[in-house]
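The basis for the numbers below is simple: all heavy atoms, side chains too, and nothing from hydrogens, waters or symmetry mates.
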Amino acid sequence: MSREEEENAAELKFGDDFVKAKCLMNSEVAILLEHRCEQLKQMSDDQLNRIPQVFEKSLQYVQRFSRFSNQEAVKQVREVLSRYQLAEYELAVIGNLRPEAADEALAVVPSLKTKGRGYDEETIEKMLNELALIKKFE
């Protein structure tokens, strides 16, 4: 991407490094870090070989800001958002922030309107209601 073509999340323009990148929701990162933490604990009974502090702090952060706590709910969220053919960035932002209304979703992810497919507010509301149901029954 040249200097003239600035990165712009509203238009889903990211640098070349992000063309094929997969974005993860905080909930997904939490699951991965929890699993890795368990592996590290099982591998080492030695107190000197503790989990690095940056790892622990990262885990605490994603746990605190995760909108969904169990693995099945996280899987369902990704499936629901994928059905709407959201870009990876859009999926992660919607999954992380879990907006409650279409206007809120459009404020945080303006590309929902500008990216050619242009979701109408009714479709966005339907998607958000599906996420709310997952959260309700989590």
Side-chain angles (χ1 to χ4, degrees):
M1 185 173 284
S2 71
R3 279 234 188 265
E4 295 171 9
E5 295 179 33
E6 290 294 318
E7 295 177 4
N8 185 343
E11 297 175 10
L12 296 179
K13 287 185 180 179
F14 302 104
D16 294 335
D17 294 338
F18 295 97
V19 172
K20 293 184 180 180
K22 183 163 179 100
C23 295
L24 296 176
M25 295 178 289
N26 289 335
S27 302
E28 292 170 313
V29 175
I31 290 168
L32 293 171
L33 292 180
E34 287 166 359
H35 179 70
R36 183 65 180 144
C37 187
E38 287 303 315
Q39 286 179 328
L40 291 172
K41 285 178 183 176
Q42 289 175 2
M43 289 173 37
S44 174
D45 293 330
D46 183 12
Q47 290 291 35
L48 296 175
N49 197 6
R50 295 181 55 206
I51 297 170
Q53 186 178 14
V54 69
F55 186 94
E56 288 179 3
K57 295 283 186 190
S58 298
L59 178 57
Q60 290 170 3
Y61 175 87
V62 293
Q63 286 174 329
R64 180 175 181 189
F65 293 104
S66 293
R67 298 292 184 200
F68 302 91
S69 56
N70 75 50
Q71 196 166 353
E72 187 57 36
V74 174
K75 182 180 175 185
Q76 288 175 347
V77 168
R78 181 160 284 275
E79 288 172 0
V80 165
L81 295 176
S82 294
R83 269 195 314 238
Y84 288 91
Q85 299 177 336
L86 299 180
E88 285 291 322
Y89 167 79
E90 295 169 323
L91 187 147
V93 171
I94 297 291
N96 282 339
L97 299 178
R98 211 174 68 77
E100 295 180 6
D103 59 339
E104 188 180 349
L106 289 167
V108 295
V109 187
S111 59
L112 292 174
K113 274 285 193 208
T114 61
K115 193 192 169 207
R117 59 180 189 248
Y119 292 110
D120 59 15
E121 288 195 18
E122 185 178 315
T123 303
I124 295 170
E125 288 289 346
K126 182 180 175 195
M127 175 178 59
L128 298 177
N129 288 336
E130 289 183 57
L131 295 182
L133 277 174
I134 293 170
K135 183 65 179 171
K136 182 178 180 179
F137 292 108
E138 180 178 37

Practice item. Apply side chain to side chain contact (heavy atoms under 4.5 Å, CB included) to Val77 and Ile94, showing your working. Key: CA-CA 10 Å; Val77 168; Ile94 297 291; over 6 Å; no
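For the side chain to side chain donor-acceptor pair (under 3.5 Å) test, no residue two or more places apart in sequence or in another chain qualifies with Ser58. Applying the side chain to side chain contact (heavy atoms under 4.5 Å, CB included) rule to Thr123 yields the partners Tyr84, Tyr119, Asp120; only residues at least two apart in sequence or on another chain are considered. Not counting sequence neighbours, the partners of Arg83 by the side chain to side chain donor-acceptor pair (under 3.5 Å) test are Glu130. In this structure Gln39 satisfies the side chain to side chain donor-acceptor pair (under 3.5 Å) test together with His35, Arg36, sequence neighbours excluded. For Lys126, there are no side chain to side chain donor-acceptor pair (under 3.5 Å) partners at least two apart in sequence or on another chain. When the salt bridge (charged side-chain N to carboxylate O under 4.0 Å, His left out) test is applied to Lys75, no partner is found at least two apart in sequence or on another chain. Judged as a side chain to side chain contact (heavy atoms under 4.5 Å, CB included), and not counting sequence neighbours, the contacts of Val93 are Tyr89, Leu97, Val108, Val109. Phe55 is linked by a ring-ring contact (aromatic ring centres under 6.0 Å, His included) to nothing, counting only residues two or more places apart in sequence or in another chain. Partners of Gln76 under the side chain to side chain contact (heavy atoms under 4.5 Å, CB included) rule, at least two apart in sequence or in another chain, are Glu72, Ile134.
The list of side chain to side chain donor-acceptor pair (under 3.5 Å) pairs with a residue in residues 92-107, not counting sequence neighbours, is empty. Pairs passing the ring-ring contact (aromatic ring centres under 6.0 Å, His included) check and including a residue from residues 91-114, sequence neighbours excluded, do not occur.
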May I have the list of side-chain donor-acceptor pairs in residues 24-31 shorter than 3.5 Å, sequence neighbours left out?
unit_1: Ser27; atom_1: OG; unit_2: Arg67; atom_2: N; d: 3.4
unit_1: Ser27; atom_1: OG; unit_2: Phe68; atom_2: N; d: 3.2
unit_1: Ser27; atom_1: OG; unit_2: Phe68; atom_2: O; d: 3.1
unit_1: Glu28; atom_1: OE1; unit_2: Met25; atom_2: N; d: 2.8
unit_1: Glu28; atom_1: OE1; unit_2: Arg78; atom_2: NH2; d: 2.9
unit_1: Glu28; atom_1: OE2; unit_2: Arg78; atom_2: NE; d: 2.5
unit_1: Glu28; atom_1: OE2; unit_2: Arg78; atom_2: NH2; d: 3.4

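When all heavy atoms of Glu125 and Ala102 are compared, the closest pair comes out as OE2-N, 2.8 Å.
Counting heavy-atom neighbours within 6.0 Å of Gln71 CD, excluding the residue itself, gives a total of 12 or less.
Interatomic distance, CG of Leu12 versus CD of Glu90, reported as 4.5 Å (0.5 Å rounding).
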